[in-house]
Asks: 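Could you have a look at this structure, given as structure tokens, before my questions?
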Amino acid sequence: GSTLKPSVMNEEFLSYLWKFRLFDPDLQTESGDMLVILHPGDQNVDGGPDFFNARLRIGGTTWAGNVEIHVLASSWFKHGHQFDHAYDNAILHVVYEADLPVYHPNGTPIQTLVVKNRFPLSIFDRYQQMMANQQWIPCYNQLLAPVEHGFNLWAPALAVERLVHKSLNVRQLLEGCRSNWEEAFYQHLASAFGFKINSLPFELLAKSLPLKMVSKHAGNLFQLEALFFGQAGMLGNNFSDEYPVALSHEYSFLQRKYNLESIAGSSWKFLRLRPVNFPTIRISQWAGFIAATRARFFEILETGSFDEITGTLDISASSYWDTHYIFDKPSAPRKKNLGNDSINLLVINGIVPFLFLYGLEKDRPDLREKALSFLEHVAAESNSVIERWAEVGLPLSNALHSQALLHLKRFYCDKKRCLDCRKI
């Protein structure tokens, strides 16, 4: 039996024991009633009891309700459960040590199961090893040893799985655009221009300015910037610089013409961003992209080669931003190009998922293949997950490999789907 001190025990392990019923089979509550676990319940990861909808036979009676788990029974009071109605339906208190009796609000004692000495110590050792593995992936140590693996063969299939998963967001946009592919791509690419932290306000910005309207001004960068900065909620009446003053006047005219309502300027995030990534710079680059492609980017997507498509993304913010990061605050001169890393991310997160879905929906295998080949043209991303994969020597020749490994980690390793893994 187990003789561990309560100080080394934790509720996560006790929940693990309960969930998988890893106790000695002959269980008794503290009151001496026989206990049979018919169903341990559904584990709750939010606030409230640890397991919902458990079914237990205690003595001769079958109970349905919630189960709460603590190392020490006194934690019931320490955590204030006696004042929380969410715990009124508790049918069992599972504890490592029962240092205090616990009662329902009506004064009747809550049945308690003490699990100390009811499981082999080897389970705790195994659990600790598993938790250590959980910091990265369960087979990390095995992968460190030089072995033959089939990752190169599996990578395209994993990358396709990731693209299918990513395309769910594109499908939602498409439904919102009543299956207008051009409008959906415009909104999706705008979201990608937000580079995660500002993706939602960028998407809202695109939705507030339909492509049909934007196309009318695609030949005039000044009007595009007036529309986008105005709709972004970034233009006011108190500027001193000539350029934002002119943008404000132009936007006022266009706002009346189209009866526009801007999104909230507070939606945009500047905090913890390098100035070159400020949304002001990104909006100007987005306007530059619309102007450079004359808003015909969907046509380019379908017919263009990798070099042609990435060429359209090789853009800069307008000249005002050479000496500014935000309106009215001059900065040292610097051309605000989009940059190779940003272009690569736009290909990975903007171009490829949309092109893949379009090929899927239109039954165009050539476009699906084109999407995958684009990933092979782009360098692998650099982030903490990819760095850990690199430690074990898996190939990271391109973005197809890195996308495959991000998917493997999230949907296989993190979920411990080791039996579904192709023994990389």
Side-chain angles (χ1 to χ4, degrees), residues 130 132-170 192 195-196 301-302 304-311 313 339-424:
M130 190 175 79
N133 284 338
Q134 208 172 34
Q135 292 169 15
W136 175 231
I137 53 172
C139 63
Y140 185 70
N141 290 333
Q142 293 98 300
L143 280 178
L144 283 173
V147 290
E148 284 294 315
H149 53 68
F151 175 70
N152 273 326
L153 296 173
W154 194 22
L158 282 170
V160 166
E161 278 187 35
R162 183 165 174 83
L163 285 174
V164 169
H165 180 76
K166 276 184 165 186
S167 69
L168 295 176
N169 288 336
V170 184
F195 293 92
K196 203 166 186 178
L301 174 79
E302 195 171 6
S305 66
F306 177 79
D307 288 340
E308 285 170 328
I309 287 173
T310 51
L313 295 169
N340 284 335
D341 289 346
S342 296
I343 291 172
N344 286 347
L345 285 172
L346 286 170
V347 171
I348 293 167
N349 299 315
I351 305 290
V352 168
F354 195 93
L355 187 59
F356 183 82
L357 179 67
Y358 187 61
L360 205 61
E361 293 290 312
K362 297 296 182 182
D363 196 19
R364 292 274 305 273
D366 60 314
L367 295 182
R368 298 199 297 273
E369 286 299 319
K370 185 173 169 179
L372 288 171
S373 75
F374 278 14
L375 288 179
E376 292 177 318
H377 278 81
V378 174
E381 304 102 296
S382 176
N383 57 45
S384 57
V385 174
I386 296 303
E387 284 167 14
R388 294 300 298 271
W389 280 119
E391 286 175 11
V392 298
L394 286 179
L396 281 163
S397 313
N398 51 48
L400 187 139
H401 286 152
S402 55
Q403 287 287 293
L405 288 170
L406 289 171
H407 189 78
L408 179 66
K409 172 73 166 66
R410 182 178 172 190
F411 291 96
Y412 287 80
C413 307
D414 289 355
K415 296 180 186 297
K416 289 197 160 51
R417 288 175 58 196
C418 303
L419 295 175
D420 296 325
C421 182
R422 295 194 192 176
K423 300 293 181 191
I424 63 166

Asks: With rounding to the nearest 0.5 angstrom, report the CD1 to OG1 distance, Ile351 to Thr310.
Replies: 9.5 Å

Asks: Write out all pairs satisfying salt bridge (charged side-chain N to carboxylate O under 4.0 Å, His left out) with one or both partners inside residues 364-384, taking only residues at least two apart or from two chains.
Replies: Glu302-Arg364, Arg364-Asp366

Asks: Return the minimal non-hydrogen interatomic distance between Gly350 and Ala192, and the atom names on each side.
Replies: CA-CB, 3.9 Å

Asks: Could you report the tightest heavy-atom contact between Asn383 and Ile386, atom names first, then the distance?
Replies: OD1-N, 2.9 Å

Asks: Report the residues that fulfil side chain to side chain contact (heavy atoms under 4.5 Å, CB included) with His165, sequence neighbours left out, ordered by chain and then residue number.
Replies: Leu168, Arg410, Phe411

Asks: Looking at every non-hydrogen atom in both residues, tell me the closest pair between Gln403 and Arg162 and how far apart they are.
Replies: OE1-NE, 2.8 Å

Asks: Please name all residues satisfying ring-ring contact (aromatic ring centres under 6.0 Å, His included) with Phe374, sequence neighbours left out, ordered by chain then number.
Replies: Phe306

Asks: When rounded to the nearest 0.5 angstrom, what distance separates CG in Leu406 from CH2 in Trp389?
Replies: 10.0 Å

Asks: What closest approach, in Å, do Ala380 and Ser402 show between heavy atoms, and which atom pair accounts for it?
Replies: CA-OG, 3.5 Å

Asks: Supply the atom-to-atom distance Leu360 CG to Asp363 CG, rounded to the nearest 0.5 angstrom.
Replies: 8.5 Å

Asks: Side chain of Ser305, backbone of Glu308: donor and acceptor closer than 3.5 Å?
Replies: yes

Asks: Just jot down the ring-ring contact (aromatic ring centres under 6.0 Å, His included) partners of Tyr358, sequence neighbours excluded, or say none.
Replies: Trp181, Phe298

Asks: Any salt bridge (charged side-chain N to carboxylate O under 4.0 Å, His left out) involving residues 391-407? Give me the pairs, sequence neighbours left out, ordered by first then second residue.
Replies: Arg388-Glu391

Asks: Quick one: pull up CG in Leu355 and CG in Leu301 and give me the separation to the nearest 0.5 Å.
Replies: 5.0 Å

Asks: Angle between ring planes, Phe151 versus His401, binned at 30° and 60°: parallel, tilted or perpendicular?
Replies: tilted

Asks: Looking at Pro395 and Asn152, what are the two nearest heavy atoms and their distance?
Replies: CG-OD1, 3.6 Å

Asks: Below 4.5 Å, heavy atoms only, C-beta onward: do Val164 and Phe356 meet side chain to side chain?
Replies: yes

Asks: Quick one: pull up CG in Leu357 and NZ in Lys362 and give me the separation to the nearest 0.5 Å.
Replies: 10.5 Å

Asks: To the nearest 0.5 Å, what is the distance between NZ on Lys409 and CG on Asp414?
Replies: 3.5 Å

Asks: What is the minimum heavy-atom distance between Ala399 and Ile348, and which atoms define it?
Replies: CB-CD1, 3.8 Å

Asks: The criterion is salt bridge (Lys or Arg N to Asp or Glu O under 4.0 Å); which residues satisfy it with Glu361, sequence neighbours excluded?
Replies: Arg171

Asks: Among Leu400, Leu394, Leu158, whose side-chain contact (heavy atoms from CB on, under 4.5 Å) with Leu405 holds?
Replies: Leu394

